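Inspection log for the structure reproduced underneath, given as C-alpha cells.
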Amino acid sequence: MQQHYNYAFFDEASKREIRRAIIKGVSIPGYQVPFASREMPIGRGWGTGGLQITFSLIGRSDVLKVIDQGSDDSVNAVNIKKLVADTTDVEVTEATEEATLIQSRHRIPERPLRADQILVLQVPTPEPLRSFEPREAVTRRLHAEADYTGAWLELFDQIVRHGTTTTGADHPVLVNGRYVMAPSPIPRFDNLKLHQADHLTLLGAGREKKIYAVPPYTDVVPLDFEDYPFSVERFDGKRCRLCGAEGVYLDELVDEATGETYHQCNDTAFCAARRAAREDAPSEGSWEGGRHA
C-alpha cells in the first residue's frame with residue numbers, strides 16, 4: 001500500500017460526508033442525494049462517483065471486484081482496481097461469489113448477489129428527466145410532486161415513432177412506488193435484477209454530484225404501458241460459444257477471418273467459471289439455461 005496516501009485515498013471527514021449521503025439515499029430509495037463530489041486522480045465520467053462510494057465504504061477485510069461492461073480486464077476496471085488496491089491493500093478478485101464489494105459500469109453480474117454483498121454502479125447521468133427538462137431546479141420540483149408526465153410521454157413518443165420503446169439501456173424505473181430513477185446505463189436485461197434483490201445497490205454520479213440507492217427487498221418496476229409491457233433483450237436460440245450458457249446477456253461478435261457471427265457471455269467471470277466447472281466435471285450432465293442440468 002502506498003503510505004503517502006490516506007487509507008482509501010480520502011481523509012476520514014470526506015468519507016463520513018459521503019457515507020451520510022449514502023445513508024440518506026438508503027432511507028429514501030431512488031431519491032438523488034446531492035453530495036460534495038471530490039477531485040479524483042481519474043477523469044470525471046470514468047467512474048468517479050462509484051469510486052468515491054467504494055472508497056468511503058471499503059474496509060481492510062473487504063474483497064473487491066470491479067467490472068466494466070461485463071469484463072474484469074477492461075482498461076477502466078483494471079485501473080480502478082489498481083488505484084483501490086494501492087491505497088487500501090485489500091484483496092481483489094474476479095469471482096463474483098468471493099467479493100464483498102462489487103463496483104460495476106454498465107452491468108449487474110449474472111450470478112445473483114447475496115445479502116452480504118454490496119453493488120456499486122457508476123452513473124453518468126443520474127437524472128431520468130434530464131432528456132426533456134434541462135433545469136435542475138425544475139426536475140427537483142417534479143420529483144417532489146411525483147410529476148413524471150414527461151417520462152411517460154417520452155416512452156409514448158418512442159412507441160408512436162417506432163412501435164415499441166427504444167430505450168436500449170437506462171430504462172427508467174419506479175422505486176418503492178415513489179421515485180422514478182435512472183438505473184445507470186445497465187441494459188434492460190438487468191433492470192429486473194434490482195427488483196426485490198437480496199443485496200444493497202448504491203449508485204454514484206461524480207460529475208453530477210449525486211448518490212442514490214436501492215435497498216434490499218425493494219420494489220423496482222420498469223415504466224411501461226399495459227398494452228406495451230416492458231421487455232428485455234432476447235437471445236432466443238442463441239448460446240455462448242465458449243461455455244454454452246443460455247438465458248444470459250450475450251455479446252454478438254464477428255469473426256474477422258471468416259465473417260461468421262457468434263455470441264459470447266458478456267459477463268466474462270461468469271463464463272470462465274462455467275468453463276472451469278465443465279472441465280472439472282465433464283461427465284455430470286449437460287449445460288442448459290445458464291446452469292448445470
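The analysis underlying the following values was restricted to heavy atoms, covering all of them including side chains, and did not include hydrogens, waters or symmetry mates. Just so you know, these numbers come straight off a predicted model, no measurement behind them.
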Practice task
Would you mind checking if Glu246 and Arg239 are paired as a salt bridge, meaning a charged N to carboxylate O distance below 4.0 Å?
Solution key: yes

Exercise for the section: Answer yes or no: does atom CZ of Arg135 have more than 12 heavy-atom neighbours from other residues, nucleotides or ligands under 6.0 Å? Expected result: no

Practice task
Would you name the heavy atoms of Trp46 and Ile80 that are closest together and state the gap between them?
Solution key: O-CD1, 4.0 Å

Practice task
Please determine if Arg20 and Glu17 form a salt bridge, counting it only when a charged side-chain N lies under 4.0 Å from a carboxylate O.
Solution key: no

Practice task
Answer yes or no: is there a side-chain heavy-atom contact under 4.5 Å between Cys240 and Val248?
Solution key: no

Exercise for the section: Verify whether one side chain among Asn176 and Thr218 offers a donor that lies under 3.5 Å from an acceptor in the other. Expected result: no

Problem - Flag, side chain of Arg111 to backbone of Thr96, donor-acceptor distance under 3.5 Å - result: no

Practice task
Please assess Arg60 against Thr88 for the test side chain to side chain contact (heavy atoms under 4.5 Å, CB included), listing each intermediate value before the final yes or no.
Solution key: CA-CA 7 Å; Arg60 299 183 189 277; Thr88 64; over 6 Å; no

Exercise for the section: Please identify each residue that fulfils salt bridge (charged side-chain N to carboxylate O under 4.0 Å, His left out) with Lys81, with sequence neighbours left out. Expected result: none

Problem - Partners meeting salt bridge (charged side-chain N to carboxylate O under 4.0 Å, His left out) with Arg107 (sequence neighbours left out) - result: Glu110, Asp190

Exercise for the section: Examine the side chains of Thr48 and Arg207 and answer whether a donor and an acceptor come within less than 3.5 Å of each other. Expected result: no

Handout entry: OG on Ser14 to CZ on Phe55, rounded to 0.5 Å
Key = 12.0 Å

Handout entry: Side-chain heavy atoms of Lys65 within contact of Val63, under 4.5 Å
Key = no

Handout entry: Side chain to side chain, Pro216 and Leu200, heavy atoms closer than 4.5 Å
Key = yes

Problem - Derivation of the side chain to side chain contact (heavy atoms under 4.5 Å, CB included) call for Leu194 and Ile108 - result: CA-CA 9 Å; Leu194 294 172; Ile108 296 176; 3.8 Å; yes

Exercise for the section: For Gly30 and Val175, work out which heavy atoms get closest and say how close. Expected result: N-CG1, 3.9 Å

Exercise for the section: Starting from the C-alpha separation in whole Å, work towards a yes-or-no answer on side-chain hydrogen bond (donor to acceptor under 3.5 Å, both in side chains) for Thr165 and Arg188. Expected result: CA-CA 11 Å; Thr165 56; Arg188 298 158 66 102; 3.3 Å; yes

Exercise for the section: Drop me the distance from Ser56's OG to Glu12's CD, to the nearest 0.5 angstrom. Expected result: 10.5 Å

Problem - Over all atoms of both residues, closest heavy-atom pair of Gly70 and Ile67 - result: C-CB, 4.4 Å

Problem - Pair Val232-Asn191, side chain to side chain contact (heavy atoms under 4.5 Å, CB included): steps then yes or no - result: CA-CA 8 Å; Val232 302; Asn191 272 19; over 6 Å; no

Handout entry: Same apolar cluster: Leu101 and Tyr212, side chain cutoff 4.5 Å
Key = no

Problem - Salt bridge flag under 4.0 Å for residues Lys210 and Glu136 - result: yes

Handout entry: From CZ (Arg16) to CG (Asp11), nearest 0.5 Å
Key = 8.0 Å

Handout entry: Close side-chain approach of Val84 and Leu51, heavy atoms under 4.5 Å
Key = yes

Handout entry: Gap between atom CD1 of Ile211 and atom CD1 of Ile22 - 0.5 Å precision
Key = 5.0 Å

Problem - Side-chain heavy atoms of Asp219 within contact of Gln196, under 4.5 Å - result: yes

Practice task
Starting from Ile159, walk the hydrophobic network (Ile, Leu, Val, Met, Phe, Trp, Tyr; side-chain heavy atoms closer than 4.5 Å) and list everyone else you reach, by chain and number.
Solution key: Ile28, Tyr31, Val33, Leu129, Phe132, Val138, Leu142, Tyr148, Trp152, Leu155, Phe156, Val160, Leu174, Tyr179, Val180, Leu223, Phe225, Tyr228

Exercise for the section: Verify the distance criterion only: is there a donor paired with an acceptor across the side chains of Gln158 and Thr167 at less than 3.5 Å? Expected result: no

Handout entry: The single option from Asn76, Asp73, Asn79, Val75 passing side chain to side chain contact (heavy atoms under 4.5 Å, CB included) against Asp68
Key = Asn76

Handout entry: Polar side-chain atom of Gln52 near backbone of Arg38 as donor-acceptor pair, under 3.5 Å
Key = yes

Practice task
Compute whether any side-chain donor of one residue and acceptor of the other, for Glu154 and Ser131, lie under 3.5 angstrom apart.
Solution key: yes

Practice task
Sequence neighbours left out, what passes salt bridge (charged side-chain N to carboxylate O under 4.0 Å, His left out) with Glu252? Give chain and number order.
Solution key: none

Exercise for the section: For Asp236, enumerate each residue passing the salt bridge (charged side-chain N to carboxylate O under 4.0 Å, His left out) test, keeping only those at least two apart in sequence or located in another chain. Expected result: Arg234

Handout entry: Phe35: partners by ring-ring contact (aromatic ring centres under 6.0 Å, His included), with sequence neighbours left out
Key = none

Completion exercise
Between Gly244 and Arg278, the two heavy atoms sitting closest are N-NH1, 4.4 Å

Practice task
Would you mind reporting whether Val120 and Ser104 have side-chain heavy atoms less than 4.5 Å apart?
Solution key: no

Exercise for the section: Check the pair Phe10, Met40 against side chain to side chain contact (heavy atoms under 4.5 Å, CB included), reporting the backbone distance first and the verdict last. Expected result: CA-CA 10 Å; Phe10 290 137; Met40 303 290 292; 3.2 Å; yes

Problem - Pairwise side-chain contact, Met181 with Val173, heavy-atom cut-off 4.5 Å (strictly under) - result: yes

Problem - Exam field: side chain Asp62 to backbone Gly59, donor-acceptor pair closer than 3.5 Å - result: yes

Completion exercise
When every non-hydrogen atom of Gly50 is compared with those of Gln103, the smallest separation belongs to O-OE1, 3.4 Å

Problem - Within one Ile-Leu-Val-Met-Phe-Trp-Tyr cluster: Ile186 and Leu113, side-chain cutoff 4.5 Å - result: yes

Exercise for the section: Determine whether the side chains of Asp147 and Thr149 contain a donor N or O and an acceptor N or O closer than 3.5 Å. Expected result: yes

Handout entry: Flag for Ser37-Arg44: side-chain donor and acceptor within less than 3.5 Å
Key = yes

Exercise for the section: Taking all non-hydrogen atoms of both residues into account, name the closest pair between Ser71 and Ala77 and its distance. Expected result: O-CB, 3.9 Å

Practice task
Kindly work out whether a path of hydrophobic side-chain contacts (I/L/V/M/F/W/Y, heavy atoms less than 4.5 Å apart) joins Ile53 to Val66.
Solution key: yes

Exercise for the section: Determine, using the 4.5 Å side-chain heavy-atom cutoff (strictly less than), whether Ile58 and Ile118 are members of one ILVMFWY cluster. Expected result: yes

Completion exercise
d(Glu98 CD, Thr93 OG1) to nearest 0.5 Å is 4.0 Å

Handout entry: Exercise: do Arg105 and Ser74 side chains pair donor with acceptor under 3.5 Å
Key = no

Handout entry: Val221 vs Phe230 side-chain heavy atoms within contact, under 4.5 Å
Key = no

Handout entry: Co-membership, hydrophobic cluster, residues Phe189 and Leu121, 4.5 Å side-chain
Key = no

Exercise for the section: Return yes when atom CD of Glu256 has more than 12 non-hydrogen atoms of other residues, nucleotides or ligands closer than 6.0 Å, and no otherwise. Expected result: no

Fill in the blank from the handout: One should read off an interatomic distance between Thr261 OG1 and Lys238 NZ, to the nearest 0.5 angstrom, of 9.5 Å

